[in-house]
Each structure stands twice: as C-alpha cells, then as structure tokens.
There are 2 protein chains.
Amino acid sequence: MNAARRTDPQRRDRIIDACLSVIAEQGVAGASHRRIALEADVPLGSMTYHFAGMDELLQAAFNRFADTVADRFEARMSAATTPHEARRAVVDIILKDVFTHPEDLVLSHEIYTLAARRPEFRTITDRWMTRSRIALRRHFDADTTMLLDALIEGLTIHRALTVGPVDDALVAEAVDRMLRRD
Amino acid sequence: MNAARRTDPQRRDRIIDACLSVIAEQGVAGASHRRIALEADVPLGSMTYHFAGMDELLQAAFNRFADTVADRFEARMSAATTPHEARRAVVDIILKDVFTHPEDLVLSHEIYTLAARRPEFRTITDRWMTRSRIALRRHFDADTTMLLDALIEGLTIHRALTVGPVDDALVAEAVDRMLRRD
DNA sequence: ACATGATGTGTACACTCGTACACATGACGA
DNA sequence: TCGTCATGTGTACGAGTGTACACATCATGT
C-alpha cells in the first residue's frame, strides 16, 4: 500500500540519530525498536532490515555519540598552542562542553553502564578514551595526561549529580594542582 | 497449598539483597519482579506486597547499596589519624575498595545513570556524596575535599573501563598533586 | 474449639517486546 | 514496454512484563 519513499539513503543515519534521541530521553531500557521507529518516522520493519538486532543498533549509536564528543574534545585541544591555552582548554571542556550539552551527560552514563558490564561495548569507550588522551598528550606528559583525563571525568560527573553548582574557579584550581609537577 | 513459612521478617531484606544481586548481574534493565523473586526464593505476589512498585524497590535497593559503600568509605577515613594516614586512606579507597568489590562498580554506574535522568533517585546520590565529603572534611579543607572527591570518582571509573591497569603509583601521585596547596 | 481478620500467595489480564517472514514495490536492463 | 529481482514493509507470533485481586492460610483472642 503506502510503500512510498523507495530509496532513502539517509534512513540508516536517521535511525541512529533517533536511537540516540530516544536513549537520551528514556534510557537504553526504554529504547525499543518501536519507539525508535516512531521517532525516526520509519516503519518497524526497517529496524531489522538495517540492523541485525538491538545490539548492532546500540553499537552504531554509541559509536556515533563517542565520535561526536571526541571530535569536540580534539577540536578544543588542537586549538590551543601555548601551555596556558592548553590549561584553559581543559577547563573549558569541563565547564562549557558538558554544560552546553546536558543530554550528553545522560548518554555518557548509559554507555559507561553498558561498557562496565559488557566487554563488546568497551571497544567504544576504549577508542573514545584513547582519542582524548592523544589530544591531551600533545600538550602534557604521559602521567599528567592520564591524571587530567581522570580528573575531567570526575569533575564532569559530580557537576552532573550535584544539586548546587560547583564553583567554576574551583575547577580551574583543580586543573592547576594537577599540572604542578613535583 | 504450599503457603508454608508464615512469618518471615527478613523477607523484605532478602528481596532487597536479591534485587541488588540481580542488578549487578543483569543491570536495572534485566531486573524484573519475576527474576528477583526467583533469586530471593519468594513468590511473585510478595513483590507487590512488600513494595508498591518497581521504583520503590529500586530506591530501597540503591539506598542500601549507597549506605554500604559510604560506610566503608567512612570507616577508612575515620581510621586515619594523621595527614599521612589520611592521604594513604584516600589512595586505598581507590586502589583497594573498588578493586575488591568489582560488582560495586557496575552498581555505581547503574545508580548514576538512574540519577542522571531521574531526580527522585538523585537524593540517593546526594546523600552518598555528602557522607563522603563529610568524611574527607575531617582531614582536608573544603576545596581540597571537593577536588579529592571528584578525583576519586574519575580514577575509579577509568580504572574500571580501561583495559590496561592504571599504575598504582600514579594514583598516589594524583592524590599528592591534589594535596599540594598553592 | 473456633471465628476472625491480618498476612501472604497464585493466577490471570492487558500490554510491550524482538524478530521472522511472506509479500508489495518500483528501478532498471532488455 | 515489460519482466525481474533487489529493496523495503506490514503483520503475526511467542515470550516476557507489571500489576491487580480473589483467595488461602494461620496466629490470635475469646
């Protein structure tokens, strides 16, 4: 009957985007084929046609998410040319990027939870963390890179879960302490 | 027929424990009334009898979990009497507590994910974080407490998601840098 | 001994889910 | 123009879900 649009090359992409959107709203638990299909304005049958199963779709979605975030991260670190700018870039990543995209916080937690339990999703987080570290490594030594990476993670998470907002100056202070070599 | 054990005052507790156990294995997504009932060796009807709904059960379970972890945290910090011991205690929390109880990692992520999306679960994480900070505050100033708390979080998470193990000495190094005032 | 009411349980209902698969569609070569 | 077949879709099925609620059970007071 209504099998209108025949070739829709962006359909796969739209499904992935819809998937992320649904996960941001409802969580992985609430991300069903039917809801995603509705969100993407695509028939239910398309789901299994484009993706062998829910897992394949989740992998595709979180890979796209991780790439997006890592791109932003890299862009900020690449733009810095002096040590001072690099320090500022790290602070900005914590204060601006995360705050500007609150839905990313939720998505981060979802992928972490998935990765914590299921190794097949850990390749996604591995690649993501590796990219972040390479970007940091352009400006800092190996140890500092490792520690900054962890610090960014912790501050980000706590900013998300804390009711009262964390003092912006304190974030800068934390980065400064990390940069102090002994 | 077999309505044996009439009064079983520990039943509610057993359900909560079973709930945590199932979540650790299968995640919140896989924690159904039926599976938990099976794990707790309790009839399905008991679920709705003791808990008004899934949410109430989840709240009870994660409250217990948060209390358990916070107890351990407090115990370690209280045992320290000198600054040096306090520093050591922080390192141990990261290196020993988390490593010894790997299932706690998964549970942490699950509650974070829940709290990130739904405010009614954030009271649990709030109370948890508050307790941790009070315990740290016995030994460190307010700013340092905030930063250490975030650092512990970040290092813990990255240790969980990273393939290669983080160098133990590096953890100590991170804590030291945090403790250096300007 | 027995009635009674609190305590706890089995089951049924309405619903959502992932997935398979028979079939419709229309682009394209002849 | 028309036949063919890759591309895409509607639907149905079995499994699993939360929850409500009629009922069984037995501790207790008389």
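Keep in mind that the numbers below use all heavy atoms, side chains included, and drop hydrogens, waters and symmetry copies. Letters A, B, ... are given to chains in the order of the sequence lines, protein chains preceding strands, and every chain is numbered from 1.
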task: Please report, rounded to the nearest Å, how far the C1' atom of C/dC15 is from the CZ atom of A/R35.
output: 13 Å
- request: Take the protein atom CE of B/M47 and the nucleotide atom C1' of C/dT11, then report the distance between them rounded to whole Å.
  value: 16 Å
field: Same cluster (ILVMFWY, side-chain, under 4.5 Å), A/V106 and A/I157
entry: no
task: Using atom CZ of B/R11 as one end and atom C1' of C/dG8 as the other, report the distance to the nearest whole Å.
output: 8 Å
C/dC17 phosphate, OP1 or OP2, under 4.0 Å from A/S32 side-chain N/O: yes
task: Report yes if at least one side-chain N or O of B/T48 is closer than 4.0 Å to OP1 or OP2 of D/dT19; otherwise report no.
output: no
- prompt: Base, sugar-phosphate, or nothing: which does A/M54 touch, judged by heavy atoms less than 4.0 Å apart?
  reply: sugar-phosphate
- request: Would you confirm whether B/R137, through its side chain, and B/F140, through its main-chain N or O, come within 3.5 Å as a donor-acceptor pair?
  value: yes
query: Rounded to whole angstroms, how far apart are CG on B/L58 and C1' on D/dT17?
result: 14 Å
message: At less than 4.0 Å, is any side-chain N or O atom of B/S46 found next to OP1 or OP2 of C/dT9? Yes or no.
response: yes
- line: Between CD of B/E56 and P of D/dT19 the distance, given in whole Å, is 11 Å
Centroid-centroid distance, A/F73 to A/W128, less than 6.0 Å: no
task: Side chain of A/H33 only, please: which of C/dG18, C/dC17, C/dT9 is the nearest?
output: C/dG18
query: Between B/R64 and B/D13, is the closest basic N to carboxylate O distance under 4.0 Å?
result: yes
- request: Take the protein atom CZ of A/F51 and the nucleotide atom C1' of D/dT9, then report the distance between them rounded to whole Å.
  value: 16 Å
- prompt: C/dG18, C/dA12, D/dG8: which one has an atom nearest the side-chain heavy atoms of B/L44?
  reply: C/dA12
- line: Winner on side-chain proximity to A/R34, out of C/dG8, D/dG18, D/dA12, is D/dA12
message: One thing to verify: whether A/R159 and A/D168 come together as a salt bridge, which I'm taking to mean a side-chain N less than 4.0 angstrom from a carboxylate O.
response: yes
task: Could you state the atom-to-atom distance from CD1 of B/I36 to P of D/dT19 in whole Å?
output: 11 Å
- request: Take atom OH of A/Y49 and atom P of C/dA20, then tell me their distance rounded to the nearest Å.
  value: 16 Å
